[in-house]
Number of protein chains: 2
Amino acid sequence: MSDHRLQDAIDTLKSSGVRITPQRHAVLEFLLNAMTHPTADEIYKALESKFPNMSVATVYNNLRVFKDIGLVRELTYGDSSSRFDCNTSDHYHAICNNCGKIVDFHYPSLNEVESLAEQVTGFDVSHHRMEVYGTCSKCQSEKAH
Amino acid sequence: MSDHRLQDAIDTLKSSGVRITPQRHAVLEFLLNAMTHPTADEIYKALESKFPNMSVATVYNNLRVFKDIGLVRELTYGDSSSRFDCNTSDHYHAICNNCGKIVDFHYPSLNEVESLAEQVTGFDVSHHRMEVYGTCSKCQSEKAH
DNA sequence: ACACTAATTGTAAGCATTCTAATGTAATAA
DNA sequence: TTATTACATTAGAATGCTTACAATTAGTGT
């Protein structure tokens, strides 16, 4: 299932002239299989058993490469470190104020907002971002006690 | 005009048991009059002629106080430092990919999104955030040349 | 296999933000 | 008014994330 997405991503990289190194492959594979939206450090820690000599810089370098090519999105919330999301299909995020959990959800794209913003601000709008914040179901039930 | 908002803000602070110090007053006043969404450092630099001995920590401390009380919102974008917005009325932001300019715009609140997200994710949603990204009119005309 | 060039590594450096301990100051009650 | 108390400010150190750098290593096309 994700083999397909992985192969597609590798093809995209190759056609951009990017070399496929073992570390790069591992970071990409980890991101594609991740159910969460990991930080650079989480990726680094997850791969250090397989690549004991890998540098944090390598993780950051590769994330930047993936981002520039459009394979991953960088998510910046209030907390200190960025998170990375390789799901490039249109979706939004719900973020728990209590535990930080991030859940994806789908919603028809807000094209109207973009076009209204263009009229009002004079911008040439390329994309938008939206998140909802609240309490996840787990934290809700824990608070009930 | 902004005297009114300033006085309201001060009243809110007082009723929360927060003391009005000269530095605090200055940070608040600067934010209320700012047409932009300044960073902590921009506030610090803007006030250093009036308060040569003021510490950066004071700016951060006061911004946190204002934020906790709900007088300002912290905006975290991709760039390194947070920006602060004292316009608590419902509005959204358009951000220029080229020069970083931030322009406010109004749009009917996206309540539907919040309620759909609640159904799909099981979250108890408190609020949402949205931005559109693109090229501002100034950068558009500069690129034309 | 060779050569070319990009990628990785380890560490240092940069930057925004927070922490700490000492000092200062506003508000309150005696 | 004065003493007390709790909160604010200050300066600088410390933290944590991210990037820069120079040297080494290793893909890739021929």
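No experiment lies behind these values; they were computed from the predicted model shown. Labels below follow one simple rule: chain letters A, B, ... track the order of the sequence lines, proteins then strands, and each chain is numbered from 1.
Distance B/Asp79 CG to D/dT18 C1': 14 Å, rounded to the nearest Å. At whole-Å resolution of the value, CG in B/Leu63 and P in D/dT9 are 11 Å apart.
Among the heavy atoms of the strands lying under 4.0 Å from A/Ser82 are primed sugar atoms or P, OP1, OP2 only; no base atom is included.
Between A/His106 and A/His91, the ring-plane angle classifies as tilted under the 30° and 60° cut-offs.
Not one side-chain nitrogen or oxygen of B/Tyr60 sits closer than 4.0 Å to the OP1 or OP2 atom of C/dT18. OP1 or OP2 of D/dA8 has not a single side-chain nitrogen or oxygen of B/Thr58 nearer than 4.0 Å. Contact annotation: B/Arg24 reaches the phosphate of D/dT9 (side-chain N/O to OP1 or OP2, under 4.0 Å). For the OP1/OP2 pair of C/dT9 and a distance below 4.0 Å, the side-chain nitrogens and oxygens of A/Gln23 include at least one atom meeting the criterion. Considering only side-chain N and O atoms, A/Asn62 lies under 4.0 angstrom from the phosphate OP1 or OP2 of C/dT8.
With D/dT9, D/dC17, C/dA7 as the choices, the nucleotide that has an atom nearest any side-chain atom of A/Val18 turns out to be C/dA7. Taking the side chain of A/Asn61 as heavy atoms from C-beta on, and the options C/dT8, C/dT11, D/dC17, the nearest nucleotide is C/dT8.
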N/O contacts under 3.5 Å, protein versus nucleotides 24-26 of chain C?
none

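In summary, the side chains of B/Gln23 and B/Thr58 do not present any donor paired with an acceptor at a separation below 3.5 Å, with no hydrogens or angles considered.
In this structure B/Glu42 satisfies the side chain to side chain donor-acceptor pair (under 3.5 Å) test with no other residue, sequence neighbours excluded.
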Practice problem: Dump the intermediate steps for side-chain hydrogen bond (donor to acceptor under 3.5 Å, both in side chains) on A/His128 and A/Tyr92, then the final yes or no. | Solution: CA-CA 10 Å; A/His128 67 271; A/Tyr92 301 105; 2.7 Å; yes
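Listed in residue order, the members of residues 43-56 of chain A having a heavy atom less than 4.0 Å from DNA chain C are A/Asn53, A/Met54, A/Ser55.
Of the two residues near DNA chain C, B/Lys14 and B/Ser81, the one whose nearest nucleotide lies more 5' is B/Ser81.
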